[in-house]
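One structure below.
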Amino acid sequence: MKLSDIKSSEAELQDYYAQLRSQHITPAWIGGGITREPKSKAVPWVWHWRDLRPQAMRAAQLVGTEQAERRVLRLTNPELPGLSASNTMVANIQIVMPGEIARAHRHSGSALRLIIEGKGGYTVVNGARLPMAPGDLVLTPNWTWHDHANDTDGPMIWLDGLDTPLVRMLEAGFYEEYHKETQTIVEGAGSPFAKYGEGGLRPVWEAEPATRYSPLWHYPMSQARAALERLAADRSGGPLDGIILEYTNPVTGGPAMPTIACYIQMLRAGERTQAHRSVCCTNYHVIDGRGYSIVGGTRLDWEDKDVFTVPTWTFREHMNDSDRPAFLFSFTDAPVMKALDLYREEAKAG
Ligand SMILES: [Fe+2]
């Protein structure tokens, strides 16, 4: 057995290819399609809060929640025009003004909210009222009813993270409007936070959830910050990401949602992390602090409330060159990659 060597004329080949095209068939041996390693179309990018906030406020002047199902500004990666911040996940800015609601609906895409501005507004998920304060993480997972309301006297602004590009690519999206504008709120000890909000304790009488997402839909910043500060006092943390904590599903210990993992990390003043990369895209939100990240050789300067994106298989390292701690929230599609045995990670040599 040996490799065959067939010499065809260019005209003959082109004639054959034209025939194939007319029959909607493509010869797989031309046109590439295989890369030696993942190469994202998306590029490293930062969106600054100094640009985002005025545009969110402008949207609130121009468009009502009657007109827009959600008043959302979609952060768009320059190389994914009109689409999303990253390949599989969006990072959007949503604003709800005093007295407004965003009506109830549900969809196949899973969503997270990281509260940026405003305290006292709330999200209702399957009847549970979840408070929203700056730095809090609120989940509205796959096919859960959710509506938002702002009964404060200032704007509520948050970062929306969703897996909608992935769901769209998989052609798996369903969407449904609730029969009323808002859900009836169920109060009391049945709330997800009362049952699952205390770290390693979980209610024994609750049946194991049939869904894979976390039954805890509200992770307050006060808890996360306290945990990070305790670890910082002990000089804990790894070389790749310093002190980083994952928001877990308290029942399984796994990611918060089947498609999205969420993290919070603390970079101490002067701390620099080691460059590393992984097969997942990651969107970051600067809860608090100032510094920069080198992402695929590009320096992204960031400060309070900025958003930046790291495409798949792209080296990133973070530097807090300020004199105060920095707190970064991030979310990735790593659970998808791990479920499909596609996940890899490596530290940069040297
Ligand atoms: Fe939604």
Side-chain angles (χ1 to χ4, degrees), residues 52 56 59-60 63-76 82-86 88-97 99-118 121-132 136-151 155-186 192 211-219 247 255-262 283 285 307 329 331 333 335-336:
L52 295 172
V63 183
T65 49
E66 185 75 44
Q67 286 77 43
E69 179 70 18
R70 292 290 190 265
R71 192 194 283 117
V72 163
L73 295 175
R74 196 186 290 162
L75 310 190
T76 308
L83 297 174
S84 50
S86 60
T88 59
M89 301 179 300
V90 301
N92 298 337
I93 299 294
Q94 181 166 171
I95 180 167
V96 179
M97 294 300 281
E100 287 182 345
I101 58 153
R103 60 183 160 261
H105 67 202
R106 63 179 177 178
H107 35 71
S108 309
S110 294
L112 63 91
R113 330 285 168 182
L114 198 286
I115 317 310
I116 301 176
E117 180 177 322
Y122 58 91
T123 291
V124 184
V125 181
N126 282 359
R129 177 184 161 133
L130 313 177
M132 302 171 98
D136 285 6
L137 173 66
V138 167
L139 307 181
T140 62
N142 177 331
W143 211 237
T144 54
W145 294 111
H146 55 281
D147 52 86
H148 312 289
N150 181 357
D151 54 5
M156 288 291 305
I157 310 178
W158 61 80
L159 176 80
D160 277 332
L162 292 98
D163 56 10
T164 39
L166 175 70
V167 173
R168 193 175 302 121
M169 190 268 281
L170 296 171
E171 299 185 332
F174 291 87
Y175 170 86
E176 191 177 352
E177 286 176 10
Y178 196 60
H179 65 277
K180 294 187 299 182
E181 288 198 325
T182 57
Q183 299 172 71
T184 304
I185 295 171
V186 184
T211 47
R212 289 205 289 152
Y213 55 71
S214 168
L216 176 61
W217 300 326
H218 176 220
Y219 300 77
Y247 297 87
M257 295 185 282
T259 50
I260 305 178
C262 302
N283 295 318
H285 166 69
V307 180
F329 169 77
F331 61 102
D333 59 2
V336 177

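No hydrogens, no waters, no symmetry mates; every other heavy atom, side chains included, goes into these values. All of these numbers come straight from a predicted model, not from anything done at the bench. For ligands, and for the atoms within them, numbers begin at 1 and follow the listed sequence.
- Taking the six-membered ring for Trp, Tyr122 and His148 have ring centres at least 6.0 Å apart.
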Practice problem: Step by step, work out the side chain to side chain contact (heavy atoms under 4.5 Å, CB included) result for Val125 and Trp145. | Solution: CA-CA 6 Å; Val125 181; Trp145 294 111; over 6 Å; no

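- Applying the ring pair (Phe, Tyr, Trp, His ring centres under 6.0 Å) criterion to His285, with sequence neighbours excluded, gives no partner residue.
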Under 3.5 Å, which donor-acceptor pairs link side chains of residues 255-262 to any protein atom two or more places apart or in another chain?
| unit_1 | atom_1 | unit_2 | atom_2 | d |
| --- | --- | --- | --- | --- |
| Thr259 | OG1 | Asp163 | OD2 | 2.6 |

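- Each protein N/O/S atom under 2.8 Å from the Fe ion (ligand 1) was counted, for a total of 3.
- By the 30° and 60° cut-offs, the orientation of the rings of Tyr175 relative to His105 is perpendicular.
- The stretch residues 100-111 participates, sequence neighbours left out, in these salt bridge (charged side-chain N to carboxylate O under 4.0 Å, His left out) pairs: Glu69-Arg103, Arg71-Glu100, Arg106-Glu176.
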